[in-house]
Undergrad: 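Got a structure for you, questions after.
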There are 2 protein chains.
Amino acid sequence: MIYNRIKLLRTEKGLSRKELADAVGVNFQTIGYLERGDYNPSLELAFKLAEFFDVPITAAFSPRPFKSLAEHLAAE
Amino acid sequence: MIYNRIKLLRTEKGLSRKELADAVGVNFQTIGYLERGDYNPSLELAFKLAEFFDVPITAAFSPRPFKSLAEHLAAE
DNA sequence: TAAAAATGTTGTATATATACAACAAAATGA
DNA sequence: TCATTTTGTTGTATATATACAACATTTTTA
């Protein structure tokens, strides 16, 4: 299982699933599946998403759960 | 399409496909498919491979062709 | 509050990733 | 050189990722 921060990154940018989907060239429902954790993106889609948000791939995807934003901020 | 350096990383370590496959928990033929570029690994397998070789995922996989080892060394 | 947009759910269809088997060819090592 | 190991090839089977459609529910906005 792979954890991701797609929803967080997307909503922070004020984008709808459709807009994000168009930007990376997939169906808008595919974004929904990823956000809900129904399945993992392909490596190719993972790269496109990371590139779109301009973050390292490990910042968007991880085999281990991400710290919450709160934990992350507290740790500084 | 995603480029990878699996073969390079594996042979540098003196490992057979079978050994690498066992280490990351897939069939040895799957490693062959990846090395030949028949298909991309899942995101999960990509993470396992990068972790196994102890390199960032972008050092093992890239949406753009890697510089050859020679080019890479020359650039320093 | 009514209309529109976004999201969730269910279902079907297709493409791709992975497993596994059998066998041929090539490389390695005794 | 012979035996063993590794790699390549072909084929079949299964699981997962993605597309697409229809419709219900929730959220946003006029």
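Keep in mind that the numbers below use all heavy atoms, side chains included, and drop hydrogens, waters and symmetry copies. Quick note on labels: first sequence line is chain A, next is B, and so on, each numbered from 1. Computed from a predicted model, the values in this text were never measured in an experiment.
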Undergrad: A:Ile2 CD1 to C:dA17 P: how many Å, rounded?
TA: 15 Å

Undergrad: Within the 4.5 Å heavy-atom criterion, are B:Ser42 and A:Leu43 side-chain neighbours or not?
TA: no

Undergrad: Are any of the side-chain nitrogens in B:Lys13 or B:Glu19 under 4.0 Å away from the carboxylate oxygens of its partner?
TA: no

Undergrad: Look at A:Arg10 and C:dA6 and indicate whether a side-chain polar atom (N or O) is within less than 4.0 Å of OP1 or OP2.
TA: no

Undergrad: Give the rounded distance in Å between these two atoms: NZ of B:Lys7 and P of D:dT6.
TA: 14 Å

Undergrad: Where each residue is assigned the nucleotide of DNA chain D containing its nearest heavy atom, which of B:Ser16 and A:Gln29 is assigned the position nearer the 5′ end?
TA: B:Ser16

Undergrad: Hey, is the side chain of B:Glu19 pairing donor to acceptor with the base of D:dT6 inside 3.5 Å?
TA: no

Undergrad: Starting from C1' on D:dT6, measure out to CG on B:Leu20 and report it in whole angstrom.
TA: 14 Å

Undergrad: With B:Lys48 as the cation and B:Phe53 as the aromatic partner, state whether NZ or CZ is under 6.0 Å from the six-membered ring centre and within 45° of the axis.
TA: no

Undergrad: Grab the CG-P distance between A:Asn27 and C:dA13 for me, whole Å please.
TA: 17 Å

Undergrad: Rounded to whole Å, how long is the line connecting atom CG of B:Leu15 with atom P of C:dT28?
TA: 15 Å

Undergrad: Quick check: do A:Tyr33 and A:Val26 have side-chain heavy atoms less than 4.5 Å from each other?
TA: no

Undergrad: Does a side-chain heavy-atom distance below 4.5 Å link B:Phe66 with B:Glu71?
TA: no

Undergrad: Kindly indicate whether the side chain of A:Leu20, heavy atoms from C-beta on, has any atom under 4.5 Å from the side chain of A:Leu49.
TA: yes

Undergrad: Where along residues 31-60 of chain A does a heavy atom fall under 4.0 Å from DNA chain C?
TA: A:Tyr33, A:Arg36

